[in-house]
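Note sheet for the following structure.
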Amino acid sequence: MANSVTQRAGHAENLANKPGGRDQAAKICKGLGVKNPPFAYHRPETLDEALLLLAQIGEEAKIMSGGQSLLPVMAIRLGQPENIIDISQIRGLDSIETESDIVMFGALVTHSQAEASPVTRDSVPLLHKAMPYIGHRAIRNRGTLCGSLAHADPAAELPAVALALDAELIAASTDGARFIAAEDFFSGFLSTTLQQNELLVGVRFHQAPAGMLTSVQELSRRHGDFALVGLTCVLQLSSDGLVDSAALSFFGVASTPSRATQAEQSLVGSRPTTELFEEIANMVSNELDPPSDTHASANYRKHAAGVLTKRALADCMSQTGVLT
Amino acid sequence: MSNPTDRSASQTPAAQAPAGQTTRRITVTVNDTTANHDIAVRQSLSDFIREDLGLTGTHLGCEHGVCGACTILLDGQAVRSCLMLAVHADETTITTIEGLAEPDGTLHPIQQAFHESHGFQCAFCAPGFVMTTMALLNSNPNPTKEQIREELSGNLCRCTGYHTILKGVETAVQLYGSGRRDASETTDTNRQDGGTANA
Ligand SMILES: Cc1cc2nc3c(=O)[nH]c(=O)nc-3n(C[C@H](O)[C@H](O)[C@H](O)COP(=O)(O)OP(=O)(O)OC[C@H]3O[C@@H](n4cnc5c(N)ncnc54)[C@H](O)[C@@H]3O)c2cc1C
Ligand code: FES
Ligand code: FES
C-alpha cells in the first residue's frame with residue numbers, strides 16, 4: 001500500500017513539474033495525503049554540509065528546523081519552497097551553554113527545552129517568562145528559538161525579547177560566522193537581514209545582572225494565540241531607587257518588534273511611582289503607530305499598549321518588594 | 001517512482017547543487033510495531049499515519065496546527081502530527097490513540113475516565129484530547145486545575161464547552177495519575193515515567 005502511494009505521489013509530482021500539469025497532479029493527489037507542495041528534500045548531517053548546500057542551491061532553498069511555522073505556511077500555500085534543507089538532525093546545535101556572562105542557545109534548542117532549563121530561568125528570566133505565551137505545549141515541543149527569530153513574525157514574543165535584551169544572533173555561512181545585534185536583525189514583516197547563504201546557528205544573551213526586573217504582558221484573543229499587542233519590559237534600578245535603565249519592547253504593533261524609545265528615555269533617571277507609570281503609559285499610546293486589522297483597530301491597540309505598559313511596570317516593581 | 005535528478009538539474013541555478021530527495025525510506029515504531037516504509041518526502045506525518053498505516057483514529061481538523069485533533073506522542077512528547085513530515089518520524093517511537101486500549105478492548109484508564117465522565121459528544125476531538133492528557137499525566141501525575149486548563153488549551157472542541165472534558169481529566173488523574181499511584185504506592189514501583197509519589 002505504501003509503495004503505491006509513493007508511486008502515485010511521484011507520478012503526480014512529475015506531472016506538476018510539466019507546464020499545465022498542476023490540475024491533473026492535484027487530482028491524483030486527492031485523498032493521497034500529499035497536500036504539501038512538492039519540494040526536494042535535503043537532510044545534512046553536519047553544519048558544514050548544510051552551509052555548502054545553502055551556498056549551492058541559493059535562493060531556491062529554505063531552512064527547516066521545527067517546521068512549526070514553515071509547515072503551516074506551506075499548508076496554506078503562502079510559501080512553496082523548491083528545496084528544503086532540514087537541519088533538525090545536525091548534531092551539536094541543541095545545547096544551552098554559559099560562558100562568562102553570556103548564555104548561548106543553539107539553533108535546535110526547542111521552546112520546551114529552553115522553558116524547562118534552570119539556566120533560562122536564572123540567567124535570562126525575561127525569556128523564561130515569555131515561553132508560556134508561545135502557542136501550546138505540542139508546538140513548543142517542536143518549535144525552536146532560532147526558528148522563531150528567523151521567521152520574524154511581528155506578533156511573536158521572542159523577537160521582542162531579543163530586542164529588549166540586546167541579544168546577538170549568530171549567523172553562519174561558508175564564508176564564516178558573524179554576530180548580528182537584534183536591533184539590526186529584524187528588517188520588516190517576516191523579514192530579516194540574514195543573507196541568502198546564511199543560517200542561524202544560535203542566539204546569545206547577556207546573563208541578567210542582579211536586580212534586573214522583568215515582565216511579559218500580552219493581549220490575545222485566546223490563550224496561546226498570537227498577540228494582538230504585547231510587550232516585554234526590563235527595568236534596572238540604581239541604589240538610590242531611581243530607574244537606571246529601561247526597555248519597553250513591543251510586538252504586534254508594527255511590521256517588526258519595536259521599542260518605545262521616548263517612553264524609555266522618560267523612565268531613565270526618574271523615581272518609579274504610579275503617577276510616573278501613568279504618564280509613561282500615555283506616552284506609549286501616543287508614540288506607537290500600530291496597524292488596524294480584522295482583529296483590532298489601531299486605536300484599540302494603542303490603548304491596550306498603554307494598559308499593558310502600566311501592568312508591566314507595576315509587575316516589575318512588585319519584584320522589588322518596594323511598593324510605590 | 002519519481003526521478004529526483006531530472007528535477008533539480010533543470011531548476012537549481014548552481015550546476016553542482018545536489019538533487020535532493022523526493023522519496024525516502026524511514027524506519028518507525030508505531031504502537032509497538034517497527035517497520036520500514038517508503039514515503040514521499042512531502043507527506044505529512046498525519047497523512048502517513050492515516051493513509052499508509054490505516055490508523056484513522058488520529059483525526060485531522062485544520063491541518064495547520066491550530067486545533068490539536070491530530071496530537072500523537074512522539075518519543076513520549078505530545079506533537080501535532082499535521083505539523084511534521086513523515087520523514088521527521090524516522091527512527092522515532094510513536095503512540096497513537098489505537099495504541100492505548102488492551103488487545104481485548106479493555107480501555108486505557110484515561111479513555112475509561114473520559115467515558116465515565118461523559119467527556120465528549122461527537123468525539124471528533126477526543127483522540128487529540130486523550131493523547132494530550134496522556135502526555136500531561138506522564139510528566140505531571142497530579143496537575144492542578146489551572147495546569148490542566150493550560151495544558152489542554154491547545155485542543156479545540158466544537159461540542160462540549162469543555163467542562164465535561166476537564167472533568168474527564170480530573171477523573172483520569174484518579175484512575176491513571178496520582179490517584180492510582182497513591183492507592184497502590186507500595187506495589188506500583190516499576191512505572192516507566194519514574195514519577196515520584198506526591199507528598
Ligand atoms: C497554532 C500555532 C500557534 C503558534 N503560536 C505562537 C505564538 O503565540 N507565539 C510565537 O512566537 N510563535 C507561535 N507559533 C510559532 C512557533 O513559535 C514556531 O515554533 C516558531 O515560530 C518557528 O520555529 P521552528 O523551529 O518551528 O521554525 P520553522 O518552521 O522550521 O522555520 C520558520 C522559518 O524560519 C526559518 N528558519 C528556521 N530555522 C532557521 C535557522 N536556524 N536559520 C535560518 N533560518 C531558519 C525557516 O526557513 C522558516 O522561514 C505558533 C505556531 C502554531 C502552529
Ligand atoms: S489537524 Fe493538526 S492541529 Fe488541527
Ligand atoms: S466532542 Fe465534538 S468536537 Fe469535541
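So that the names make sense, note that chain A is the first sequence line, chain B the second, and so on, each numbered from 1.
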Go through Leu74(B), Val87(B), Thr132(B) and name the one with the most non-hydrogen pairs under 4.5 angstrom from chain A.
-> Val87(B)
Side-chain heavy atoms of Pro18(B) within contact of Gln56(A), under 4.5 Å | yes
Counting only heavy atoms closer than 4.5 Å, note whether Leu53(A) contacts chain B via side chain, backbone, both or neither.
-> side chain
Side-chain contact test, heavy atoms from C-beta onward, threshold under 4.5 Å: evaluate it for Arg142(A) versus Arg80(B) and give yes or no.
-> no
Give, as side chain, backbone, both or neither, the part of Asp90(B) having an atom under 4.5 angstrom from any heavy atom of chain A.
-> side chain
When rounded to the nearest 0.5 Å, the distance separating CG of Leu78(A) from NE2 of His64(B) is 10.0 Å
For the residue pair Leu83(B) and Gln68(A), what are the closest heavy atoms and their distance?
-> O-NE2, 3.1 Å
Heavy-atom side-chain proximity of Asn36(A) to Leu85(B) below 4.5 angstrom | yes
Would you indicate whether Asp293(A), at its atom CG, is surrounded by more than 12 heavy atoms from other residues, nucleotides or ligands within a distance under 6.0 Å?
-> yes
Pick one of side chain, backbone, both or neither for Met74(A), based on which atoms fall under 4.5 Å of a heavy atom in chain B.
-> neither
Go through the steps for Leu156(B) and Arg222(A) under the test side-chain contact (heavy atoms from CB on, under 4.5 Å), then give the verdict.
-> CA-CA 11 Å; Leu156(B) 300 184; Arg222(A) 290 166 307 194; 4.2 Å; yes
Can you see which heavy atom on Ala17(B) is nearest to which on Ile57(A), and at what distance?
-> CB-CG1, 4.1 Å
Chain A heavy atoms under 4.5 Å from Ile72(B): which part of the residue, side chain, backbone, both or neither?
-> neither
Can you check side-chain hydrogen bond (donor to acceptor under 3.5 Å, both in side chains) on Glu150(B) and His136(A), steps first, answer last?
-> CA-CA 8 Å; Glu150(B) 164 69 31; His136(A) 310 284; over 6 Å; no
Grab the two heavy atoms, one from Ser88(A) and one from His88(B), that are nearest each other, plus how far apart they are.
-> OG-CD2, 4.4 Å
Closest contact, heavy atoms only, Ala19(B) versus Asn83(A) | O-OD1, 4.3 Å
Got more than 12 heavy atoms from elsewhere within 6.0 Å of CD, Glu45(A)?
-> no
Pairwise side-chain contact, His223(A) with Arg149(B), heavy-atom cut-off 4.5 Å (strictly under) = no
Taking it one step at a time, do Tyr41(A) and Thr22(B) satisfy side-chain contact (heavy atoms from CB on, under 4.5 Å)?
-> CA-CA 6 Å; Tyr41(A) 179 74; Thr22(B) 53; over 6 Å; no
Contact class of Glu63(B) relative to chain A, heavy atoms under 4.5 angstrom = both
Can you tell which part of Ala75(A) gets under 4.5 Å to a heavy atom of chain B, answering side chain, backbone, both or neither?
-> side chain
Pick one of side chain, backbone, both or neither for Asp86(A), based on which atoms fall under 4.5 Å of a heavy atom in chain B.
-> side chain
Identify the two heavy atoms, one from Asn141(A) and one from Gln77(B), that lie closest to each other, and give their separation to 0.1 Å.
-> OD1-NE2, 3.5 Å
